[in-house]
Amino acid sequence: MPWLQLRVNTNREQAEKIENALLFAGAVSVTLQDNADQPILEPGLGETPLWDETLVTGLFDAEVDTGITEAKAASFLCELLPNARWEQLEDKDWEREWMSNYKPIQCADNLWICPSWCEPPAPDAVNIVLDPGLAFGTGTHPTTFLCLQWLAGEAVQGKTAIDFGCGSGILGIAAILLGAESALGTDIDPQALIASRDNAVRNGLEPERFPVYLPEKTPADASADIMLANILAGPLVELAPQLVERTKVGGRICLSGILASQSDKVKTAYSQWIDFDADGEKEEWVRLSGTRVR
Ligand SMILES: C[S@@+](CC[C@H](N)C(=O)[O-])C[C@H]1O[C@@H](n2cnc3c(N)ncnc32)[C@H](O)[C@@H]1O
């Protein structure tokens, strides 16, 4: 499989923003590397030191049409930045390097995400088997991590869930592995539905327990005890009536993909129905959760 790699030298503060932009643009992996770790970038005598710079590397699948389009979109973003460059990669070396960048991630005491090529570090915990793929959601992104952390602390036993904007299906799959009876996934991206189905099978789930739909095919009356929506603040505000309607009264809702500066706007859009818990935070991202009270 041919791969395209985008590399950008930037400072630490910008690095996370670029990482997020690349992930949202469809990169299958993004790695950050402190340039101080790279002797090759050591400045020569009289040159400006690069120690406070970070190398951001995004990987795109060059064979997927949408991937190339998305990669180009990311390229436009990065054209605004100094040192952005595209490289075509040889297959095998990259795959090895790519795999070595993914390690099991602990999201809570009892919840891990494990790439399929790694032994689970805690075999008795709930282990979601998930490899980086074309759909968003490997657990490395703070917005996904915040949802998983929340789910692990919820009473999900025997409940139903909706994974709104399912991407890789990670949240719906996690809900079921943690004890939910079933989950329904929906996403505007057909690739996400394929990834969600594949990941469900990989985690030993029967397809009936995690049906996935495009929004227009999602049963109009589908509602659940637990609503999980990791999409951006704009769509969360726009979709508030729909997300609330699909959450049963007394049910729980978890909203993610919200920058700290946007959280009041999202809260206001839901406040007539939702009694909010304390916010969750990771880096510049905020998770809003609460109970539907009316
Ligand atoms: C940030 S990703 C989250 C993926 C995964 N749920 C996670 O937590 O990692 C957002 C997903 O929402 C989907 N999405 C965006 N707007 C949507 C909408 N209006 N309805 C359904 N899905 C949407 C995108 O295609 C993308 O797969």
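One-based numbering, in listed order, for ligands and for the atoms of each.
Polar contact check, Gly165 against ligand 1: a nitrogen or oxygen pair lies under 3.5 Å apart. Remark: ligand 1 and Asp189 share no N or O pair separated by less than 3.5 Å (distance only, no angle test).
For Leu232, no heavy-atom contact with ligand 1 is shorter than 4.0 Å. The residue Cys147 has no part lying near ligand 1, judged by heavy-atom distances below 4.0 Å. At a 4.0 Å heavy-atom cut-off, ligand 1 does not touch Thr138 at all. Under 4.0 Å from ligand 1, the heavy atoms of Asp163 that appear belong solely to its side chain.
Panel note: side chain Asp225, backbone Gly251; no donor-acceptor pair is recorded below 3.5 Å. Counting only distance, with no hydrogens or angles, the side chain of Asp279 and the backbone of Val286 share no donor-acceptor pair below 3.5 Å. In this structure a side-chain-to-backbone donor-acceptor pair under 3.5 Å is present from Arg294 to Gln272. Looking only at distances, a side-chain donor or acceptor of Gln262 sits under 3.5 Å from a matching main-chain atom of Leu259. Of the possible polar contacts, one joining the Ser196 side chain to the Gly167 backbone as a donor-acceptor pair under 3.5 Å is found. In this structure, Arg292 contributes its side chain and Val244 its backbone to a donor-acceptor pair below 3.5 Å. Remark: the backbone N or O of Thr138 is not paired with any side-chain donor or acceptor of Ser168 at under 3.5 angstrom. Within the 3.5 Å criterion, the main-chain N or O of Ile170 finds no donor-acceptor partner in the side chain of Asn199.
Atoms of ligand 1 found under 4.0 Å from any heavy atom of Ile170, numbered from 1 in the order shown, are 7 (C), 9 (O). Remark: ligand 1 atoms within the under-4.0 Å shell around heavy atoms of Leu171 are 6 (N), 8 (O). The distance from ligand 1 to the heavy atoms of Phe164 drops below 4.0 Å at these ligand atoms: 20 (N), 21 (C).
Listed by first then second residue, pairs satisfying side-chain hydrogen bond (donor to acceptor under 3.5 Å, both in side chains) with a partner in residues 201-215 read Asp131-Arg202, not counting sequence neighbours.
Of the listed options Ile188, Leu239, Leu148, Ile188 places a heavy atom closest to atom 21 (C) of ligand 1. One option in Thr144, Asn230, Leu243 has a heavy atom closer to atom 1 (C) of ligand 1 than any other, and that option is Asn230.
Ligand 1 does not have Gly257 within reach: every non-hydrogen atom of the residue lies 4.0 Å or more from it. Not a single heavy atom of Thr143 sits closer than 4.0 Å to an atom of ligand 1.
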